[in-house]
Peer 1: 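Below: one structure in structure tokens.
Throughout, a chain's letter reflects where its sequence line sits, starting with A, and its residues are numbered from 1.
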Amino acid sequence: MTQAPSRYILHIAVPRPLRTLFSYSYANVSAPLLGTRVLIPLGKQSAVGLVIRAEIAPPETADSPFTLKPVEALLDTTPLPDAHLLELLHWAARYYHHPVGEVIFSALPVALRKPKPLSSRLQKLLGRYEAPTLAPIERNHLQLTDEQQQCLHSIEQWNLQAPLRPILLHGITGSGKTEIYLRLIAPLFAAGKQVLVIVPEIGLTPQLLLRFAHFFGDTPMACLHSALSDGERMKAWLQARSGEARIIIGTRSAIFTPAPNLALIVIDEEHDASLKQQEGFRYHARDLAIKRAQMLNIPIVMGTATPSLESLYNADTARFHYVRLNQRPGTTRKPDLQIQDTRPFELQAGLTPHSLQAIRTTLARGEQVMVFLNRRGFAPALYCPSCGWQASCQHCSVKMTWHARRNKLVCHHCGAEQATPLRCPQCQNPQLTTQGQGTERLELALQTHFPAAVVVRIDRDSTSRKGELEAKLATVRSNDPLILVGTQMLAKGHDFPNLTLVIILDIDQSLLSTDYRALERLGQLLIQVAGRAGRADKAGRVILQTSQPDHPMLHQLVGHGYTPFARQLLEDRKRWHFPPFGYQALIRASSTASMEKALQFLEQISQLLIVTDGADIQRLGPIPALLEKRANRYRAQLLLGSQHRAALHAALLQLLNPSVKLPGRSGIRWSVDVDPIDFS
DNA sequence: AGCACGCCGACT
DNA sequence: GTCGGCGTGCTC
């Protein structure tokens with residue numbers, strides 16, 4: 001009979017930006033479970049770490065490189081992330097080249113970073129679950145259309161086949177994608193299964209949530225989004241982990257929620273940029289969801305009206321199943337899209353005479369109008385007409401936006417605020433002028449132009465207080481002839497049944513941008529916004545105002561629709577070996593001292609990569625970032641590309657190897673972004 | 001990330 | 001003569 005070992009070496013993930021695990025000794029007859037937290041000595045302090053691996057200590061460890069410190073205490077009796085989730089987190093740490101400990105701890109509720117045993121929390125939190133009390137009114141209420149029925153049938157059939165493939169559900173706005181999700185989810189509850197639904201980061205999660213609550217009645221749901229307090233988050237997380245919550249609905253970080261009986265993942269708006277985390281651990285929730293589903297061998301459905309080029313390509317190459325919903329139940333016609341050349345006209349309130357006339361007739365019919373302008377504030381510039389001075393941010397390389405209601409200059413990049421100067425700081429001219437327009441000015445101008453109409457503005461400034469957005473939405477629902485002014489916030493998730501005219505302003509910047517993803521995003525935004533027009537039984541009309549009316553891609557989009565537009569963009573991507581035809585990683589560096597310092601640092605990295613992987617890695621840069629200075633830091637970037645993911649991966653590993661010393665690092669902050677989508 | 005160690009400027 | 005500035009390096 002073998003004797004039970006009495007000493008273990010534990011490999012621990014520590015909450016530090018370190019790319020290795022640390023080893024500690026642990027003396028006991030049995031090792032702690034993998035995925036449990038332990039209290040460990042780390043430097044001069046003690047810290048909470050997570051057990052990743054345990055091995056029996058060899059009898060003699062004299063030749064070990066360190067004398068291992070002993071673990072101070074065990075904190076949990078059951079694993080926090082289960083084996084599957086740990087594997088996913090590990091995979092993500094490697095894929096995104098981010099320190100394991102940070103990956104793991106960013107996936108757990110913050111409350112678990114403190115060395116408190118879980119058991120005391122469990123007692124406080126469980127048993128207080130309040131299920132939504134709404135009755136299941138929709139369950140047998142809405143009949144699926146033939147198209148929806150067929151779509152549902154296809155998905156159900158695919159999900160019975162092995163091997164499973166992710167499903168791209170491409171459904172135009174209003175075609176009833178949510179209805180499909182609901183029907184896919186419903187049969188899973190009988191077997192005690194759980195479902196994870198990931199939605200974009202918007203203040204509108206409640207709308208989908210309400211829909212789910214209506215449909216599923218008292219089925220326990222857990223909701224995880226950025227507005228939750230630590231306690232609420234912890235509670236939702238525990239309910240998911242215990243299997244009690246059957247539907248887990250949340251924004252991108254919810255992809256890391258433990259769910260022992262997970263049977264389906266739904267990604268809503270799979271093209272949405274907010275699914276990618278843009279700082280620290282820069283993961284893409286959709287891509288991790290695909291990985292998670294693959295590891296668990298469960299189905300994943302991704303819905304969108306405007307598929308990302310990546311997903312469309314995956315559908316084209318049969319990595320994904322692909323199904324379309326082309327009809328809007330209850331609507332006869334698609335919205336009529338037209339391009340308005342702004343150049344021949346003198347604009348009033350930023351609108352062409354044609355647009356103003358369209359607003360007038362729409363209001364006269366008792367219907368609603370939406371004017372979309374993706375720029376908040378009153379005016380994007382304040383300048384002096386006599387000497388040319390412009391108000392610019394002291395910390396960033398941008399002009400400050402003037403906000404009329406607050407009478408302040410605000411930097412939309414670092415948040416700095418400044419009182420409006422009474423006279424030009426350069427030439428003392430008291431007559432300062434604004435240039436360009438934001439939603440605040442648009443609201444005022446439209447109110448002046450249509451004094452009898454109700455004008456409602458929805459943007460970050462007008463909805464920052466709690467309940468304000470809901471109140472504004474209620475106004476929109478209860479007033480018939482009405483003008484709605486707003487930003488990006490209006491593009492997603494809302495139903496405005498009486499909205500029949502949408503006017504989109506100021507898309508020129510996106511048409512002319514150097515960012516190769518700008519056109520894709522513009523196309524998605526235009527289709528999403530246009531989708532707001534003409535719900536129910538009324539035909540919609542969409543006017544795009546631009547000074548670039550001959551832009552070929554705009555014609556492609558308006559004339560042929562999103563899919564041909566996207567395929568055209570894919571052709572360009574193919575020619576340049578850009579994603580999805582090649583793989584990229586973006587190295588960002590910033591310096592408080594100078595742009596030169598940041599560029600020099602990246603140049604070193606670039607040289608390092610020539611020597612090692614020159615043949616397989618293309619380098620673009622280093623160049624100053626689009627936003628050259630932000631919050632007092634000069635920003636530069638180096639884009640790495642390769643047709644072989646493995647080559648890119650190897651290059652990053654090499655670069656991040658702790659033995660690689662990069663001199664001149666002082667004052668430099670730098671980071672790696674795998675599969676970057678934001679180049680600002 | 002923290003935290004300590006380590007050399008250079010203005011103070012009780 | 002010291003207090004403290006943050007540059008540099010380490011954490012099993």
Peer 1: So, are A/Glu279 and A/Arg669 salt-bridged, with charged N and O less than 4.0 Å apart?
Peer 2: no

Peer 1: So, A/His97 versus A/His649, ring centres under 6.0 angstrom or not?
Peer 2: yes

Peer 1: What about A/Tyr516 and A/Phe679, are their ring centers closer than 6.0 Å?
Peer 2: yes

Peer 1: Which ones in residues 10-27 of chain A lie close to DNA chain B, meaning a heavy atom under 4.0 Å from one of its atoms?
Peer 2: A/Arg16, A/Pro17

Peer 1: Is A/Gln45 near enough to C/dT11 that one of its side-chain N or O atoms lies under 4.0 angstrom from OP1 or OP2?
Peer 2: no

Peer 1: Pick the nucleotide of DNA chain B nearest each of A/Glu102 and A/Lys44; which residue has the one closer to the 5' end?
Peer 2: A/Glu102

Peer 1: Can we say A/Glu417 and A/Arg406 salt-bridge, meaning some charged N sits less than 4.0 Å from an Asp/Glu carboxylate O?
Peer 2: yes

Peer 1: Do you know which two heavy atoms are closest between A/Ser308 and A/Glu270, and how far apart they sit?
Peer 2: N-OE2, 2.8 Å

Peer 1: Are the charged groups of A/Asp230 and A/Arg113 less than 4.0 angstrom apart, N to O?
Peer 2: no

Peer 1: Starting at the 5' end of nucleotides 5-10 of chain C, put B wherever the base has a protein heavy atom under 4.0 Å, S where only the sugar-phosphate does, and a dash everywhere else.
Peer 2: --SS--

Peer 1: Are the side chains of A/Val199 and A/Asp272 in contact, using a 4.5 Å heavy-atom criterion?
Peer 2: no

Peer 1: Salt bridge between A/Asp678 and A/Arg588, side-chain N to carboxylate O under 4.0 Å?
Peer 2: no

Peer 1: Measure CD1/A/Ile52 against C1'/C/dC12 and give the value in whole Å, please.
Peer 2: 14 Å

